[in-house]
Structure formats: structure tokens, C-alpha cells
Amino acid sequence: MSAAHCFSSDTTSRWQVSLGRQNLQGNNSNEVSTTVARIILHPNYDSVTNNNDIALLRLSSPVNFTDYIRPVCLAASDSVFSNGTDSWVTGWGAVKEGVSLPFPETLQEVELSVLGNSQCDCLNGVGTVTDNMICAGVLAGGKDSCQGDSGGPMVNQQGSVWVQSGIVSFGFGCARPNLPGVYSRVSICQSWINSHISSDKPGFVQFTSSGLDADSSYTCPGPPPSTTTSSTTRPSTTQILTSPARAVCGNAPMNSRALGDSGVVPGGTWPWMVSLHKNGVYTCGGTLIAERFVLTSAQCVSTSNPDVSEWSVFFGQHLVDGSEEFEMSLGVVNITVSNMTDSNIALLQLTKPVSFKDHIQPVCMDVSASRTFPVGSRCWVAGWENGSKSFSTDKAGSGLRDLETQVASCGDLSDSENICTYTMDLQQGDQGSPLLCKSDSSWFQVAVVTMSGSKSVRADVQVFAKTSRFGSLLKETVGDMPSPEVAATGNAAGFSISLFLYFVVPVTSVFLLSGS
Ligand code: ARG
């Protein structure tokens with residue numbers, strides 16, 4: 001299977017297919033080559049729009065399967081690849097726009113997330129992405145397929161099998177921010193593929209994605225609000241648009257963490273991270289959850305009667321030449337500790353409210369336990385692994401770093417009480433730090449890192465107590481909390497802005513014309 005755009009006609013004579021190959025140059029001991037008996041292009045392939053960019057090549061003779069040559073499964077027609085589905089693309093194409101793969105041209109791989117069709121269409125230009133396509137990429141840019149990768153596969157793992165969901169087709173430039181790559185959607189072609197293969201048909205597998213697909217409710221953002229509307233029209237706009245003045249949580253405007261990113265993070269990446277100092281010494285990580293409250297692990301404040309005057313909270317981490325710098329610090333007026341049997345949290349009330357900016361933001365708390373973070377979701381722990389080192393006078397301190405992980409099954413333990421992830425290399429300094437996972441487009445703190453003697457499910461899995469266990473304590477102590485941006489509300493607001501502008505602009509111009 002390949003892309004139709006790779007073939008200018010169905011003439012087979014000059015084509016050869018190599019299998020089991022790793023490098024395009026030099027020896028490949030596992031390689032087998034064969035000629036092509038027939039090239040079948042999709043009858044509805046459109047070279048202008050790239051719609052139905054798929055081709056089948058019938059090999060002149062059957063190939064023997066080996067450890068290096070095996071067929072991939074194909075996504076069956078009822079497959080679902082929701083937003084965020086983890087995908088891999090492989091190929092020998094360019095490694096950057098205009099930069100071809102260097103000698104000996106070893107096969108490359110990249111990990112991407114599926115992006116919903118509506119969002120992908122908005123980003124690439126309305127009308128470019130049809131239902132016969134599927135998109136993948138990272139919005140921050142930096143990872144993509146590129147020229148020469150065409151015809152190659154995008155695959156997704158389900159259990160132990162790899163299922164091909166896409167064929168590299170097109171994209172604007174390569175790896176540019178907000179321009180995800182576009183792939184032919186294999187699942188749409190199940191019956192067309194089967195109609196051309198009579199015996200030894202491919203293995204079609206129904207791929208399923210858990211979780212809500214954020215894309216189903218996605219509509220393109222309207223045009224940006226105009227700054228030229230006349231002042232007389234302003235009051236009515238403000239009235240419509242500013243009514244829900246509630247603070248938003250889980251927004252990280254400067255975060256460009258992508259799949260596979262782990263390590264020292266640039267300042268502003270995790271804007272709710274705070275560091276907690278007891279008598280001037282770094283003790284724990286914590287998170288800003290409301291304008292007056294910080295969440296950490298109960299183990300950080302240990303004593304039953306903590307002395308608030310010993311504590312200070314640092315906000316707005318910056319990283320300057322490997323040394324730490326914080327925008328500001330505040331004192332603590334009250335410390336509340338939960339009293340559950342195993343894991344516990346502590347809530348620190350600040351001396352005054354913090355004002356939110358791009359690099360100081362609250363994280364969302366799932367107080368009503370209404371969110372699910374399905375197995376396979378990508379999550380991060382951010383923390384100061386070695387507090388004593390990074391906060392000493394030794395300026396080579398390691399700074400805030402993060403660790404990426406994936407939600408794992410909790411086995412027999414309750415999924416509503418616990419969240420389990422693949423093991424991360426957590427250090428003492430990570431105590432009180434958050435486990436952060438995205439739901440819709442907001443970041444939620446699903447758990448607090450606690451170093452207590454942990455329960456275990458399997459050697460490679462870590463168990464955390466879900467913060468939603470403390471929902472009632474959070475509600476009582478903190479009160480009204482910032483809420484996540486609701487996709488539907490956001491769209492409705494965007495929709496009214498655009499309607500409003502379409503209406504106002506002509507009226508304004510009539511006014512200007514008659515006035516001149
Ligand atoms: N059309 C290209 C090819 O022939 C593939 C481009 C993919 N581009 C992208 N940005 N994903 O190889």
C-alpha cells in the first residue's frame with residue numbers, strides 16, 4: 001500500500017519494491033526485492049486536493065515473512081482515532097524542510113498525536129482536510145513527516161498489534177507549528193482494498209480510542225475581535241462577552257511540552273508550580289489551585305501543628321543560566337491537612353491573593369471526580385528533583401524538570417480512588433509535586449506526589465491517590481475554584497463575536513461613508 005501521488009501512471013516497468021531494509025545506502029542483510037505486477041490507483045484520487053491519496057501495488061511474487069518482513073494490520077472501517085491518539089510515522093524522507101536524510105539514510109521514526117479533522121482543517125485552511133484524511137502532529141511544531149516520507153505508514157499500537165491508520169500524504173512545509181501533517185485515512189478504504197485482493201486479504205482490525213473526542217465539538221475560531229469598531233458599539237459587546245468573569249484553570253499559555261518531552265523545562269512551562277521553603281530551605285513542590293491556595297503533600301508539613309510562620313511559597317519560576325529565580329514569594333496564614341488513612345494532602349492559604357499572569361496560573365482540580373484519564377493518557381510530573389542542590393548557593397542547580405509518563409491500569413485497585421502510571425524516576429524533592437494530565441484542553445492535577453510506602457500493582461507501575469478523593473475538603477477549605485475552559489462555551493462566545501462583527505462592520509462602514 002502506498003500513496004497515489006507517488007505514481008504518475010500505472011506503468012509498473014520501472015518500479016522495484018524493497019522489503020526488510022533499514023538503510024537506503026550500503027548493505028542490508030535482511031533485504032528482499034521484488035518487481036511490481038500491477039499498480040492500482042484509487043479511482044477517485046484527486047491530484048489537486050489530494051483526496052483519496054492511496055495506491056495498491058501487486059508484487060510479482062509473494063514475499064516470505066521473516067523477523068524483518070511482516071505485514072501490518074490495517075484499520076477497519078469502524079475504527080475510531082480520537083484526538084490525542086498516540087501514533088508513529090516512519091520513513092526515509094527529509095529530516096527538516098529541504099534537508100535530506102544523511103548517509104547511510106537509516107529509517108527514521110517519529111511519535112505524533114492524532115489531531116481531530118475539524119481542528120486540522122481549521123489549521124491547514126478550511127476545506128483542505130476531507131473525511132478521507134486523518135491528521136497527526138504536534139501543535140508546537142518540531143515533529144512531522146516530510147518530503148520523501150509519502151506513501152509510508154502511520155501506525156498505532158493496540159494491545160500487541162500495530163495497526164496502520166494513515167498513509168503519508170501532504171502538509172504545508174514540515175513540522176511547522178500549528179500545521180499538522182495530513183495522511184490518507186486507511187479505515188475509509190477497507191472495502192476498496194478488499195475489492196482488489198482476492199486471496200490472502202490484509203488483516204483489518206477495529207481500532208478503538210477511549211475517552212471523549214474533543215474534535216466532535218470543535219468549530220473554527222471566528223476572526224479576531226476587531227480593534228476598529230467605533231466606541232459607541234463597545235458597551236454592548238462588553239456586556240455580551242464579559243459576563244462569566246470566573247478565573248480559568250489549567251491554562252498554560254507558554255507550555256509547548258510535546259509527547260516524549262522530559263527534562264529541564266523553560267520558565268513558564270508549568271505556571272502553577274510553586275516551591276515551598278521551610279525556614280528558607282527548599283522542602284517540597286506544590287501547586288497553585290486558586291488565587292489564595294496552594295496544594296502539596298501532607299508529608300511536607302509533617303507535624304500535626306505546623307507553624308505557618310516558617311513557610312514561604314515561591315511563584316513564577318524562571319530559569320536563568322541554570323540558577324533559580326522566582327517572580328515573587330508569599331507567606332502562609334493557614335495550613336489544612338486531610339486525615340484519610342493512607343495518602344494525605346495539605347492546603348496552604350496564602351497571605352494575599354496572587355494575580356494570574358501567563359507564567360502564574362492555577363491548575364484544575366477534579367473536585368467532583370467527573371473526569372476520566374484513560375489508560376494510555378500522557379501525563380507529566382513536574383518537580384525540583386533535588387531541592388537541596390538546586391536551591392543551594394551552587395549555581396549549577398538542576399532547575400525545574402519534568403518527567404513524562406502514561407496512565408497504566410490499576411489492576412485490582414479502585415480506579416476512582418487511584419491513578420496508576422508507568423514508573424518515573426521520582427526523587428525526594430518531588431514530594432508535593434503534581435501529576436498533571438490534560439482533559440479536553442485543560443491541565444488537571446490528578447494526584448500529589450507522596451513518598452509514603454506505596455502500594456504496588458506491578459513493578460513497573462506507580463500508584464497515586466487521586467486528588468478527587470479530597471474533593472469535599474477542597475470545596476470546604478478553598479470554596480469556589482477556578483474552572484476549566486468549557487469547549488462549548490468558548491465556541492459559543494467565538495461564534496457570537498463573529499456574528500457580531502459581521503453585523504457591525506457593514507453598519508460601521510455605512511456610517512463612515514455617509515459621514516464623509
Ligand atoms: N507529499 C510529501 C511526499 O511526497 C509528504 C509530505 C508530508 N508533509 C508533512 N508536512 N507531513 O513525501
Side-chain angles (χ1 to χ4, degrees), residues 1-10 14-18 21 23-24 36 39 41-42 44-57 75 81 83-102 105-156 164-186 188-189 215 256 258-260:
M1 189 164 72
S2 186
H5 84 258
C6 296
F7 306 89
S8 52
S9 75
D10 54 13
R14 305 248 280 270
W15 287 98
Q16 197 189 329
V17 174
S18 292
R21 193 159 183 167
N23 302 321
L24 291 190
V36 174
I39 296 178
L41 305 177
H42 196 286
N44 302 328
Y45 164 60
D46 182 334
S47 59
V48 177
T49 63
N50 285 307
N51 204 11
N52 303 300
D53 191 8
I54 176 171
L56 291 174
L57 310 191
F81 296 91
N83 221 310
T85 303
D86 187 29
S87 309
W88 290 87
V89 177
T90 44
W92 288 276
V95 288
K96 237 184 201 176
E97 272 180 48
V99 181
S100 52
L101 184 62
E105 299 186 74
T106 306
L107 182 65
Q108 303 287 301
E109 63 181 9
V110 71
E111 186 178 21
L112 304 169
S113 310
V114 169
L115 205 88
N117 274 40
S118 323
Q119 190 179 3
C120 184
D121 191 46
C122 289
L123 292 169
N124 278 298
V126 175
T128 46
V129 179
T130 69
D131 291 348
N132 304 322
M133 303 173 187
I134 179 169
C135 299
V138 289
L139 291 180
K143 287 171 154 200
D144 194 4
S145 46
C146 202
Q147 270 55 46
D149 289 323
S150 278
M154 167 157 90
V155 292
N156 306 77
Q164 182 170 356
S165 53
I167 302 167
V168 179
S169 180
F170 71 98
F172 295 99
C174 300
R176 297 185 189 180
N178 299 313
L179 284 173
V182 188
Y183 299 76
S184 317
R185 192 179 282 265
V186 172
I188 294 278
C189 304
D215 193 62
S256 55
L259 285 186

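Just so you know, ligand 1 is whichever comes first in the structure, and atom 1 is the first atom listed for that ligand.
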Just one of Asn50, Asn44, Thr49 clears the side chain to side chain donor-acceptor pair (under 3.5 Å) bar with Asp46, so which one?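 Of Asn50, Asn44, Thr49, side chain to side chain donor-acceptor pair (under 3.5 Å) with Asp46 is met by Thr49 alone.
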Do [X] side-chain atoms and [Y] backbone N/O form a donor-acceptor pair below 3.5 Å?
| X | Y | result |
| --- | --- | --- |
| Asp10 | Ile39 | no |
| Asn117 | Thr130 | yes |
| Asp121 | Thr128 | yes |
| Asp149 | Gly93 | yes |

Within the 4.0 Å heavy-atom sphere of ligand 1, strictly under, residues: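 Close residues (ligand 1, cut-off 4.0 Å): His5, Asp144, Ser145, Cys146, Gln147, Gly148, Asp149, Ser150, Val168, Ser169, Phe170, Gly171, Gly173, Cys174, Gly181.
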Check whether the side chains of Tyr183 and Ser87 place a donor and an acceptor atom closer than 3.5 Å, and report yes or no.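 No donor-acceptor contact under 3.5 Å links the two side chains.
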